[in-house]
Amino acid sequence: MTEERNGLFAGIDVGGTNLRFALVDRLGRIRHRHDLKTEIKAGREPFYEKIREGVGVLRSAADGCGATIVAAGAGIPGLIANDGYVHVSVNLPPLDGVNLREDLQRITGLPTVIANDVNACAWGERLYGAGAEFSSFIMVTLGTGVGGGLVLNGSLWTGIDGVAGELGHLTVEPDGRPCTCGNRGCLEQYASATAIATSARAAMSGGSGEEAISAESVSEAARQGDPRALKIFADAGRYLGIAAAGLANILNLEAFIVGGGVAASFDLLKDAAEKEMRARAFSVPGERLRIIPAALGEDGGLIGSAALAMQAFGNRTGV
Ligand SMILES: [Zn+2]
């Protein structure tokens, strides 16, 4: 097939727990996947050995369909410079201060792109998902934390230092909950899965079973009509709406795309988010902005990382 003759791309999704690899074609389809555990506590060199192993598996799979890998892209959580230098990655401390792009190129022998994981997701959604019909949008992921990735005029906007789009650390409550970043009242403290569970524990204080509370269990309770659980999701949606209103007024975006684990409960957040956004934004950008769920699910980062490699090196043939 044509896309195989043109070569395939390796997508690598580096999480705090899972290290996932995928062989992706030019249409954004996953042709093969391989999952490992990151186990970063073992240190940098054992981690690099896993990268070597995973890319080796993808190479064999590419060989098996008569294709070669043109380039690799890796998405990692943290503040990543445009040249692949890792300023800081809270979940992967052995990578702090490392130029991961240079190291992965050396290890794999492939031209490599490194991106913040949510920027990679945003680019995947832009090419193959919920962002395909928009040229300017923000992707927000609601998981353990809250991440953001900005696409402006059809290009990823990473900022002068590569660290733009950190929507999770936008202040939405001036004297609010302290955040791991050192600020207080960050969106992450109100709209992440962690925050939803924290809010539920606070609402139940003194009750039994607090330890078992998770964003999923709060979602289940909301679906059964529990008013406290419904309010917790509405509150999270309201804070998202405050952030969305600011973005609408500043950037006049077309869409605010919600991904990450909490997006499974998107319907529980949506109305409150839209209502708050429309109440705060000017009418023209407020009516323009659509708040919608992501389309690629947990493969967004894998597909997006490969798509970034395709963008950077796609005119080359396989090696
Ligand atoms: Zn913060």
Side-chain angles (χ1 to χ4, degrees), residues 14-17 40 75-82 85-93 95-97 115-122 137-151 156-203 213-215 218 232-251 253 256-263 265 269 272-273 276-277 280 291 294 300-301:
V14 185
T17 305
I40 197 68
I76 84 160
L79 300 180
I80 317 300
N82 288 322
Y85 176 86
V86 180
H87 286 291
V88 61
S89 180
V90 173
N91 295 326
L92 308 163
L95 301 183
D96 288 358
N116 166 274
D117 56 347
V118 185
N119 284 344
C121 274
F137 66 86
I138 189 154
M139 164 106 202
V140 51
T141 55
L142 309 180
T144 309
V146 171
L150 257 180
V151 172
L156 200 56
W157 177 261
T158 58
I160 188 70
D161 294 310
V163 301
E166 287 294 333
L167 188 66
H169 301 283
L170 187 76
T171 301
V172 291
E173 211 37 281
D175 300 312
R177 297 174 181 171
C179 184
T180 50
C181 73
N183 187 17
R184 48 170 66 240
C186 291
L187 179 62
E188 179 164 301
Q189 298 305 321
Y190 298 91
S192 62
T194 316
I196 287 166
T198 301
S199 299
R201 274 186 215 105
I213 292 176
S214 65
V218 183
I232 286 165
F233 274 98
D235 285 348
R238 197 166 63 80
Y239 283 110
L240 280 175
I242 292 171
L247 286 163
N249 280 353
I250 294 169
L251 296 171
L253 300 171
F256 185 94
I257 298 177
V258 180
V262 178
S265 307
L269 304 163
E276 192 72 20
M277 183 272 288
R280 290 177 182 269
I291 301 180

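Note that ligands are numbered from 1 as they come in the structure, with each ligand's atoms numbered from 1 the same way.
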Worked check of side chain to side chain contact (heavy atoms under 4.5 Å, CB included) between Arg280 and Ile242:
CA-CA 7 Å; Arg280 290 177 182 269; Ile242 292 171; 3.4 Å; yes

Given Glu173 and Tyr239, is the side chain to side chain contact (heavy atoms under 4.5 Å, CB included) satisfied, shown in steps?
CA-CA 9 Å; Glu173 211 37 281; Tyr239 283 110; 2.7 Å; yes

Side chain to side chain contact (heavy atoms under 4.5 Å, CB included) between Leu79 and Glu166: does it pass, once the steps are laid out?
CA-CA 9 Å; Leu79 300 180; Glu166 287 294 333; 3.6 Å; yes

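Side-chain atoms of Asn116 never come within 3.5 Å of backbone atoms of Pro77 as a donor-acceptor pair (strictly under, hydrogens ignored).
Listed by chain and residue number, the protein N/O/S atoms under 2.8 Å of the Zn ion (ligand 1) are His169 ND1, Cys179 SG, Cys181 SG, Cys186 SG, with waters left out.
Put simply, the side chain of Leu170 does not reach to within 4.5 Å of the side chain of Leu247, judged on heavy atoms.
Each of Ile196, Val218, Leu240, Thr144 was evaluated against Val262; a single residue qualifies, Ile196, per the side-chain contact (heavy atoms from CB on, under 4.5 Å) test.
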